[in-house]
Amino acid sequence: MADAVTFSFSDTIAGYVTRFDSGARLLRLKTSDGREFDVSLAGDPSAELVRNLDEPYIDASGHIDEMLSPGRFLFAYGVHYPERGGSFDAKRLVFLGRGSEDYRFEEPSWWIKQIESLADFYKRAQFGDGPVDFTEYRTEIRLGGDKTASHVQETDTISRLVYGMASAYLLTGKDEYLEVAERGTEYLRKHMRVVDSEEDVVFWYHGISVDGDSERKLFTSEFSDDYDAIPMYEQIYALAGPIQTYRVTGDVRIKNDADATIRLFDKFFFDPEQGGYYSHIDPILFSADHESLGENAERKNWNSVGDHAPAYLINLYLATGDQKYADFLEYTFDTIADKFPDYKNSPFVQERFFRDWSHDTAHSWQQNRAVVGHNLKIAWNLMRMNSLKAKPEYEQLAKKIGEIMPAVGSDVQRGGWYDVVERVKEGDQEAYRFAWHDRKAWWQQEQAILAYLILNGTVGGDANLREARQAQAFYNTFFLDHDEGAVYFNVLASGTPYLLGTERLKGSHSMSMYHSAELCYLSAVYNNLLINGREMDFHFQPDPTNLPDRVLRVSPDLLPAGSVRIASVEIDEKPYTDFDADALTVRLPDVQSRVKVKVRLRPVAKK
């Protein structure tokens, strides 16, 4: 197309320094896919170091020349002018560390400090300076933490907040976070839980609408995709926060709720003939094929099949070591490895299915489109499962996704990962088309970071480390809200925050504290224990009488066998020695009250 770009525009280039001419003020950057750009610094751009939440601005404008050493990765934001074949004038540079090989987000405490800041933001937003009273909880939270006029309390968003607070306690040992997690869990059990004694199951309301001292139960989903049905993913995520809390406290009531909810899945969502789990059931007959479900009748999808693992099932296994949960995990990942790949037709997995596992390519908004983050989420969780029970098909699929996705799902010029794209190209198209926009969502950056961190930490590879660093760099540079706190929902392709509609909120049906906290927790685990060989502390507060044989399981995630061991244990701030270092278990003292347990884990040097 003639005169395709004859106008100026602002944009971002993420690249590695190949050359810098100080006299000419000209910088050359090479993107991750090998393209080179000349960047003019003649306009005296500002420069800064990437900074964590709650850190002040760190100016590097006076150090630009000495920091532009070959091989350094950085972001350059500037203006493209359509003259002389195109020129790019930098206005802002962001460095990822002081040295050319330094990445600040690999500092031992980076992600721990970030989860503290997130927890403080959401605690303040929901409860202010007063007591932790979940009658004051609201699903919708504005950019700065203020509540909207909506008085709906959604079960899943409370659960996600609880997950974040429990994770913050695991990393910091701060009682205030555990208080929120436990009170939130109790609120869910009292207000959102339904015990069906006849069927011997538990299910969870979509939420409640609060009006003064009265509340109205919302039985079925109010969300447009799932309206007037009981979607599997809402039942799944109702367990996310309580189960993470269970890892800390060992409260057997939480485990009983989880077991009863799993019985719900097996009785009403499971397909015993074709396998897998249906995505929806109707609210009257609990049937997956009722006509009231419309296009959701007899459907299966990523959420109904795969989301069990990251949301609650891996954490339930970590807390108990129970073989039945390991078997459920194995069934889940066998199904994913068997049904989801579709590489004869697309570089993206298939995500939606009819009952017989034929592909549903006309469903609602998804059509024949790929959610980029779901591909990455599969790779991440396959490698977690592979540490529990290694299978060639798990590792092969995870590695394949890791190798394929950067070229089709990431932004190789600006950094970061896209949202929803068409699964196939039409006609002479050279790139996979965006479904609606080229914005980037916070949760999809999480999936990329965790996928490449665990790939690097388990199978190694410079390419996996490079992708992990680039994804962490984009997220920490552009998603952290240094003005109001917490993280943005979406940014534009260039990294500029997108602050319109529900995407300007810090709390919504889609956003609470879950993904941002999960990212902090597991990035700390993978960076420190798997990749950089650093010790980490984890905190628990169980009642020994709740745990079988008083055994507390302290593995932070499904990690390769023998990769970490217990270095030391403290109980109520005193050294304690009754633990199995290799099994990652602590036999608690025979007491009748809760104890505070601090466990230091040490990576085992790779041979």
Side-chain angles (χ1 to χ4, degrees), residues 106 108 111-112 115 166-167 170-171 243-244 246-248 309-323 325-326 328-330 332-333 376-392 394-395 397-399 402 446-447 449-461 464-465 468 472 517-540 551-569 579-586 597-607:
E106 292 178 353
W111 295 102
I112 299 169
I115 202 172
S167 300
L170 278 163
L171 290 180
I243 292 302
Q244 192 74 330
Y246 173 63
R247 288 180 66 185
V248 176
Y312 73 90
L313 192 53
I314 286 175
N315 291 323
L316 189 52
Y317 174 77
L318 290 170
T320 64
D322 195 321
Q323 185 60 41
Y325 305 132
F328 190 178
L329 283 167
E330 184 178 5
T332 296
F333 287 104
L376 298 160
K377 198 172 190 180
I378 288 172
W380 159 45
N381 283 283
L382 279 167
M383 292 311 299
R384 298 170 91 186
M385 183 62 198
N386 198 59
S387 290
L388 176 60
K389 186 169 184 177
K391 291 188 179 182
Y394 295 165
E395 183 174 322
L397 179 54
K399 290 166 69 174
E446 179 214 2
Q447 308 308 315
I449 292 168
L450 296 183
Y452 288 104
L453 281 176
I454 199 169
L455 279 166
N456 179 247
T458 54
V459 301
N464 289 326
L465 180 59
Q472 290 174 94
E518 181 180 55
L519 171 61
C520 291
Y521 177 80
L522 289 172
S523 291
V525 169
Y526 299 157
N527 268 306
N528 287 322
L529 295 179
L530 285 186
I531 297 173
N532 294 310
R534 301 187 183 114
E535 296 181 349
M536 280 188 72
D537 292 335
F538 296 88
H539 302 265
F540 305 85
V551 172
L552 174 68
R553 298 176 182 275
V554 300
S555 178
D557 194 43
L558 291 178
L559 304 178
S563 59
V564 298
R565 65 195 314 268
I566 296 176
S568 63
V569 174
F579 59 85
D580 187 325
D582 296 314
L584 301 177
T585 58
V586 180
V597 184
K598 177 181 175 181
V599 179
R600 177 159 296 177
L601 298 183
R602 175 178 297 156
V604 175
K606 297 178 182 179
K607 296 180 180 179

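In this text, all values refer to a predicted model and were calculated from it rather than measured experimentally. We number each residue from 1, following the sequence as shown.
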From CE (Met385) to CG (Leu558), nearest 0.5 Å
7.5 Å
Going through the distances and angles, do Tyr246 and Thr320 end up as a side-chain contact (heavy atoms from CB on, under 4.5 Å)?
CA-CA 10 Å; Tyr246 173 63; Thr320 64; 3.5 Å; yes
Report the residues that fulfil ring pair (Phe, Tyr, Trp, His ring centres under 6.0 Å) with Phe328, sequence neighbours left out, ordered by chain and then residue number.
Tyr277, His308
Minimum heavy-atom distance Gly533-Pro603, with the two atoms named:
C-CG, 3.6 Å
Keeping Tyr452 on the side-chain end and Gly402 on the backbone end, is there a donor-acceptor pair under 3.5 Å?
yes
Report the distance from atom CD of Gln244 to atom CD of Glu518, rounding to the nearest 0.5 Å.
8.5 Å
Residue pair Tyr394 / Glu330: nearest heavy atoms and the distance that separates them:
OH-O, 3.5 Å
From CA spacing to verdict: side-chain contact (heavy atoms from CB on, under 4.5 Å), Phe538, Val525:
CA-CA 10 Å; Phe538 296 88; Val525 169; 4.0 Å; yes
If you measure from CG on Leu388 to CZ on Phe333, what distance do you get to the nearest 0.5 Å?
9.5 Å
Determine the minimum heavy-atom distance between Arg247 and Ser555, stating which atoms define it.
NH2-O, 3.1 Å
Using the test salt bridge (charged side-chain N to carboxylate O under 4.0 Å, His left out), find all partners of Arg384 that sit at least two apart in sequence or belong to another chain.
Asp557
Quick one, Gln472 with Asn527, criterion side-chain contact (heavy atoms from CB on, under 4.5 Å). Give me CA distance, side-chain angles, the key distance, then yes/no.
CA-CA 11 Å; Gln472 290 174 94; Asn527 268 306; 3.0 Å; yes
Please name the pair of heavy atoms, one in Pro560 and one in Thr458, separated by the smallest distance, quoted to 0.1 Å.
CG-CG2, 3.7 Å
Say you draw a straight line from CG of Leu329 to CG of Leu313; how long is it, rounded to the nearest 0.5 Å?
3.5 Å
Tyr521 side chain to Pro556 main-chain N or O, any donor-acceptor pair under 3.5 Å?
yes
Where do Phe540 and Arg553 come nearest, in terms of heavy atoms and distance?
CE2-O, 4.2 Å
Does the side chain of Ile449 reach to within under 4.5 Å of the side chain of Trp380, using non-hydrogen atoms?
no
Rounded to the nearest 0.5 Å, how far apart are OH of Tyr325 and CG of Asn315?
12.5 Å
Let's go through Met383 and Val459 carefully: what are the C-alpha distance in whole Å and the side-chain angles of both, what is the deciding distance for side-chain contact (heavy atoms from CB on, under 4.5 Å) to 0.1 Å, and is it a yes or a no?
CA-CA 9 Å; Met383 292 311 299; Val459 301; 3.9 Å; yes
Report the residues that fulfil salt bridge (charged side-chain N to carboxylate O under 4.0 Å, His left out) with Asp322, sequence neighbours left out, ordered by chain and then residue number.
none
Under the side chain to side chain contact (heavy atoms under 4.5 Å, CB included) test, residues paired with Asn456 that sit two or more places apart:
Asn464, Leu465, Ile531
Out of the candidates Asp537, Val586, Thr585, only one should pair with Val599 under the side chain to side chain contact (heavy atoms under 4.5 Å, CB included) rule; please name it.
Val586
Ignoring hydrogens, what is the shortest heavy-atom contact between Ile115 and Ala517? Give both atom names and the distance.
CD1-O, 3.7 Å
Run the salt bridge (charged side-chain N to carboxylate O under 4.0 Å, His left out) test against Arg602 and tell me which residues pass, sequence neighbours left out.
Glu535
How long is the gap from CD1 on Ile454 to OG on Ser523, to the nearest 0.5 Å?
11.0 Å
Mind checking whether Asn528 and Leu601 have side chains closer than 4.5 Å, heavy atoms only?
no
Partner residues of Val564 under the side chain to side chain contact (heavy atoms under 4.5 Å, CB included) criterion, sequence neighbours left out
Leu529, Leu559, Leu584
